[in-house]
Protein chains: 2
Amino acid sequence: MKKMNKQRVTLQEVAQHAGVSTSTASLVVRNNPRISEATRNKVLQSMEDLGYVYDRVAANMRSKSSNIVGVIVTDISNTFISEFLIGVQTTLESLGYTVLLGTTFDSVDKQERLISTMVEHRVGGIILNLASKSSARTAKQLNQIRTPKVLANRELSDVQCDYVGVDYEQGTWMAIHHLLQKGHRRIAFLGGIKTSSTWIERMKGFKRAHDDENLTIDDSLIIDIVPTREGGKEALAQVMDQPEPPTAIFCFSDLVAFGVMQELSARSIKPGEDIDVVGFDNIPEAELYHPPLTTVSSFPRSIGVKAANLLYHKMNEQDEELQRLILKPQLHIRETST
Amino acid sequence: MKKMNKQRVTLQEVAQHAGVSTSTASLVVRNNPRISEATRNKVLQSMEDLGYVYDRVAANMRSKSSNIVGVIVTDISNTFISEFLIGVQTTLESLGYTVLLGTTFDSVDKQERLISTMVEHRVGGIILNLASKSSARTAKQLNQIRTPKVLANRELSDVQCDYVGVDYEQGTWMAIHHLLQKGHRRIAFLGGIKTSSTWIERMKGFKRAHDDENLTIDDSLIIDIVPTREGGKEALAQVMDQPEPPTAIFCFSDLVAFGVMQELSARSIKPGEDIDVVGFDNIPEAELYHPPLTTVSSFPRSIGVKAANLLYHKMNEQDEELQRLILKPQLHIRETST
DNA sequence: CTGAAAGCGCTTACAG
DNA sequence: CTGAAAGCGCTTACAG
């Protein structure tokens, strides 16, 4: 809590200096056209002379509005998230909003505190990239707050809220279908938290692709673990140490795939030759990795842009219907599965 | 600009419901110990009953304080920056502050607008990772604002301000010394903007390492270009198309090095075998790249942590002396230069 | 330990 | 086209 020592120049002082009323000065700062040019210029001159700085906090307070939007994400060091954030930020900034950022590092507790903080700061709206273990308790908290909100990337059941994300089921189906066509019959599914919507959707696609070929899934090839590089390494170790290891690996995300490939290297197994690997997200590094990673685009920047636009609508029109925007994914076949 | 339709429960209503005065209720929400347990519980109960949400905006306004800190960075998709941002965020959050984030994408205009916006929002302090083309005009703007501020990663002359960064000169010296020891005599310096402090410091180290061996520098091997992957590609093309191409390349950043290596691949030149490459920053990808990149650690997360702590001090003690915190870099020799 | 009144810096009706 | 007064939801002295 910082105390401001230096006192600001107020609009009242500006008005006095310009010889007009405060209300007139207020209309000038807000560019209201019903002020005459002469008066406007006089006031603007006084503002400059005194070094006036507009106080948005006071303005927002009185007008009960806000041009701050809260954005809560799981982890900005994950390229998928930072790309998403860029989409959100550029869009909101061009609409005149500023972003209050919170990072949960996938902790539900921290997320809960951040949501409260945002609401206490009276943000105009919230964009949420939920932690993977978000629960019914989270849903309850979200439903209680009146602030317009949009969920991105990850849904949560029973939350009355707009949503923007990619079609994870279809994306996974495409990846698995591709591997099955190549003749693989033992495909591992590594990473992700089983209770999260992003995992459940992918699993549906995983199942459907197998069903299409009348194949059954070996549950021992499914490893539920945090979707990070570390998680990938550990999951790979678990699955390769089994009596019947897989011949191909579907990873929850590119980050998991990088961990998987790192551990494969450590074991002198060559991705794309000895075993096939597919990721998810198509982050910029995927293409530049060695070998380049087959993966599914999930267009994080577009998701960010759409989430921001959706929130903008929610904030400005009332009583709009809930929307769900689901982007179509795209499979990029590269060297790890050719 | 969002109008709030639903009116909030006010502290006054809470007080009324609890049968105490507003000032008492105010003391309760702020955990003032001079309120009796009985009264406190009565008020807390009323808050819960009415679903009261603390209005930090009103509180900050009246007390002329703020627990929001503005953080302005060049590009969150750059891992160096996102690591820095994580350091800043976690530190500030643990100190009870929330981050208002601005991204300039290295545009000085956008930076100028963001600084104004932050000040209008009455942030308690600002942490700035300046755009590479920041000028005297930027310095002037910064000197005018009374808000406590800390520069990170990049300095700007004539700005009266604390600074946290790494010793770029020493880091570069270490890298170049290493290459010279390996016998290289034609070392290129690719990327970075010549007017920025980060470039100037590196160039000092570049020169000093050459001077130590009584070697002169061939200016045609120095390419001034935006420090991005694209910049790296372009710079490499320029330098390799010269009659006497370099035998080793020092890159302004790891990002530049990745572009350089991508372009080398395209030309079938093998880094670490046909030519040596050294980066700067040691972002996580550097170690995992193929081949792993020799680079200099600049500890972005630590810089973030230290910048946040420094700002915290600036905001809470007055009239402190200006500080410059310069972290020692570290050379990591990997396959691109062995 | 608690209360009544004033005020942070704006905007909002309402008058003229 | 412009002005005087009230108020946004808190906190801050000041009394008691």
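Lettering follows sequence order; numbering is per chain, from 1. Because the structure is a prediction, the values reported are computed rather than measured.
The distance between atom CG of A/D55 and atom C1' of D/dC8, rounded to the nearest whole Å, is 13 Å. B/R56 has its CZ atom 14 Å from the C1' atom of D/dT11, to the nearest Å. Atom C1' of nucleotide D/dT12 and atom CG of B/N60 are separated by 15 Å, given to the nearest angstrom. In this structure, A/R34 places its CZ atom 11 Å from C1' of C/dC14, rounding to the nearest Å. In this structure, the CG atom of B/N67 is 12 Å from the P atom of D/dT11, given to the nearest Å. Atom CE in A/M47 sits about 14 Å away from atom C1' in C/dG9, given to the nearest Å. Between the C1' atom of C/dG9 and the CG atom of A/L50 lies a distance of 15 Å, rounded to the nearest Å. Distance, B/Q16 CD to D/dC10 P: 13 Å, rounded to whole Å.
Here C/dG9 is the nucleotide among D/dA4, C/dG9, C/dT2 with the atom lying nearest to any side-chain atom of A/R62. Comparing C/dT11, D/dC1, C/dT2 by their nearest atom to the side chain of B/I35 picks out C/dT2. Considering only the side chain of A/Y54, C/dC10 comes nearest among C/dC10, D/dT12, D/dC1. Listed candidates were C/dC1, D/dC10, C/dC10. Nearest to the side chain of B/T39 is C/dC1. Candidate nucleotides D/dT12, C/dT12, D/dG9 were compared by shortest atom distance to the side chain of A/M61, and D/dG9 ranks first.
Sequence order on DNA chain D of the closest nucleotides to A/L27 and B/Y52 puts A/L27 first from the 5' end. Mapped onto DNA chain C by nearest heavy atom, B/G19 and A/A58 fall at different nucleotides, with B/G19 at the one closer to the 5' end.
When B/V164, B/V88, B/V150 are each tested for a side-chain contact (heavy atoms from CB on, under 4.5 Å) with B/L311, only one passes: B/V150. In summary, of the residues considered (A/D106, A/T104, A/T74, A/T198), a side chain to side chain donor-acceptor pair (under 3.5 Å) with A/S132 occurs for A/D106 alone.
Note on A/S23: a base of the nucleic acid sits closer than 4.0 angstrom, heavy atoms only. Among the protein residues, B/V20 comes within range of the sugar-phosphate backbone only, with heavy atoms under 4.0 Å from sugar or phosphate atoms but none that close to a base. Using a 4.0 Å heavy-atom criterion, one finds that A/S26 contacts the bases of the nucleic acid, with or without backbone contacts as well.
Residue A/T24 places none of its side-chain N or O atoms closer than 4.0 Å to OP1 or OP2 of D/dT2. One finds a side-chain N or O of B/K64 lying less than 4.0 angstrom from the OP1 or OP2 phosphate oxygen of C/dG9. The phosphate of C/dT11 has OP1 or OP2 within less than 4.0 Å of a side-chain N or O from A/R30. Using a 4.0 Å cut-off, no side-chain N or O of B/T10 falls inside it from OP1 or OP2 of D/dG9.
The residues B/E93 and A/R113 are annotated as not salt-bridged, no charged nitrogen and carboxylate oxygen being separated by less than 4.0 angstrom. The pair B/K314-B/D162 counts as a salt bridge, with a side-chain nitrogen and a carboxylate oxygen less than 4.0 angstrom apart.
Checking side-chain atoms of A/T91 against main-chain N and O of A/G87 turns up a donor-acceptor pair under 3.5 Å.
Base-pair partner of D/dA13: not found among the strands shown (Watson-Crick or G-U wobble, both distances under 3.5 Å).
Rounded to the nearest 0.5 Å, atoms OG (A/S23) and CG (A/L11) are 9.0 Å apart.
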